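This is a predicted model, so every value here is computed, not measured.
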Amino acid sequence: MAGGHMKYRQLSRDSAHRQALLRNLVTSLIKNEAIHTTWPKAKEAQRLAEKLITHAKKNDEVARRKAQGILYTPFEVMPKLFGEIRERYQDRPGGYTRVLRTEPKDKYDQAPSAILELVDGPKDMRFAMTAAAVARDRTLGKRHTDLTQKNIAKVTRFRREGREAFEEMVGKIEGMGV
């Protein structure tokens with residue numbers, strides 16, 4: 001049926017291959033906290049990663065078994081998932097991942113690319129970009145735009161010691177002389 005509503009993207013793969021691909025992407029996301037892939041794969045992996053982190057927040061035996069069934073290397077990644085990541089998102093009601101569109105990785109096929117990252121982590125791209133914008137505004141003596149103000153509120157809202165970490169990052173960037 002052309003143009004019909006679908007519950008998920010098929011990614012031009014059969015069911016087993018698609019599940020294996022998504023499990024591998026989510027395992028890499030938990031391990032590295034950011035991955036670079038095509039945009040449709042990132043959006044599908046985002047759905048699975050959000051469910052996995054929600055299971056980790058429950059932190060019971062059923063949640064651990066479900067996570068173990070999703071992850072490819074559970075004994076390597078589960079301590080991080082049920083430790084550091086669970087604590088980071090304990091107070092956050094949802095929205096644990098972010099998909100940022102990027103330039104195509106492959107210049108030959110021009111497939112739309114994206115970065116899938118965990119928010120409020122050490123590799124949070126929006127946090128770094130907002131800190132750079134604030135440092136630039138302070139250096140030039142300009143007022144922050146409305147968008148910058150909104151981004152400051154977003155990146156510091158659920159992060160532990162968010163304001164202090166943000167000011168520290170701004171200080172580092174100002175020290176670099178950018």
Quiz item: Just checking, Arg64 and Phe82: is the charged tip under 6.0 Å from the six-membered ring centre and within 45° of the axis?
Solution: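 So Arg64 does make the cation-pi contact.
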Quiz item: Should Gln19 and Arg23 be marked as a side-chain hydrogen bond (donor to acceptor under 3.5 Å, both in side chains) after you check the CA-CA gap, both sets of side-chain angles, and the distance that decides it?
Solution: CA-CA 6 Å; Gln19 283 303 109; Arg23 287 177 60 199; over 6 Å; no
Taking [Y]'s backbone N and O only, do any of them form a donor-acceptor pair with [X]'s side chain (distance below 3.5 Å, no angle check)?
X      : Y      : answer
Glu50  : Thr97  : yes
Thr37  : Ala42  : no
Asn32  : Ala34  : no
Arg160 : Glu87  : yes
Lys66  : Lys51  : no
Asp124 : Asp120 : yes
Thr73  : Glu76  : no

Count the heavy atoms belonging to other residues, nucleotides or ligands that lie under 6.0 Å from [atom1] of [X], then report whether that count exceeds 12.
X      : atom1 : answer
Arg65  : CZ    : no
Gln110 : CD    : yes
Asp146 : CG    : no

If you round to the nearest 0.5 Å, how far is [atom2] of [Y] from [atom1] of [X]?
X      : Y      : atom1 : atom2 : answer
Leu71  : Lys31  : CG    : NZ    : 10.0 Å
His144 : Arg136 : NE2   : CZ    : 10.0 Å
Thr156 : Glu161 : OG1   : CD    : 12.5 Å
Arg88  : Glu33  : CZ    : CD    : 4.0 Å
Ile85  : Leu118 : CD1   : CG    : 5.5 Å
Ile152 : Arg157 : CD1   : CZ    : 15.5 Å

With a 4.5 Å cut-off on side-chain heavy-atom distances among I, L, V, M, F, W and Y, is there a chain of contacts connecting [X] to [Y]?
X      : Y      : value
Ile115 : Phe127 : no
Met169 : Leu100 : no
Met129 : Val134 : no
Leu48  : Val99  : yes
Leu81  : Phe158 : no

Practice problem: Report the C-alpha separation of Phe166 and Arg159 in whole Å, then their side-chain angles, then the decisive distance to 0.1 Å, and conclude whether the side chain to side chain contact (heavy atoms under 4.5 Å, CB included) test is met. | Solution: CA-CA 10 Å; Phe166 184 75; Arg159 187 183 287 255; over 6 Å; no
Quiz prompt | Close side-chain approach of Arg92 and Val119, heavy atoms under 4.5 Å | solution =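 Sidechains of Val119 and Arg92: in contact.
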Quiz item: Does the side chain of Arg143 come within less than 4.5 Å of Asp137's, by heavy atoms?
Solution: no
Quiz prompt | Over all atoms of both residues, closest heavy-atom pair of Ile173 and Ala135 | solution =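 That would be CG2-CB, 3.7 Å.
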Quiz item: What closest approach, in Å, do Ala111 and Thr38 show between heavy atoms, and which atom pair accounts for it?
Solution: CB-CG2, 4.3 Å
Practice problem: Let me see the working for Lys43 and Leu116 under side chain to side chain contact (heavy atoms under 4.5 Å, CB included), right down to the final yes or no. | Solution: CA-CA 8 Å; Lys43 291 300 282 184; Leu116 176 60; over 6 Å; no
Quiz item: Yes or no on side chain to side chain contact (heavy atoms under 4.5 Å, CB included) for Glu117 and Met125, after CA distance, side-chain angles and deciding distance?
Solution: CA-CA 8 Å; Glu117 65 182 6; Met125 189 80 64; 3.3 Å; yes
Quiz item: Quick one: do Lys172 and Glu167 make a salt bridge, cutoff under 4.0 Å?
Solution: no
Exercise. Evaluate side chain to side chain contact (heavy atoms under 4.5 Å, CB included) for Glu103 paired with Ser113, printing each intermediate quantity in order.
Key: CA-CA 6 Å; Glu103 289 290 319; Ser113 294; over 6 Å; no
Quiz item: Where does the angle between the aromatic ring planes of Tyr96 and Tyr89 fall among parallel (under 30°), tilted (30 to 60°) and perpendicular (over 60°)?
Solution: tilted
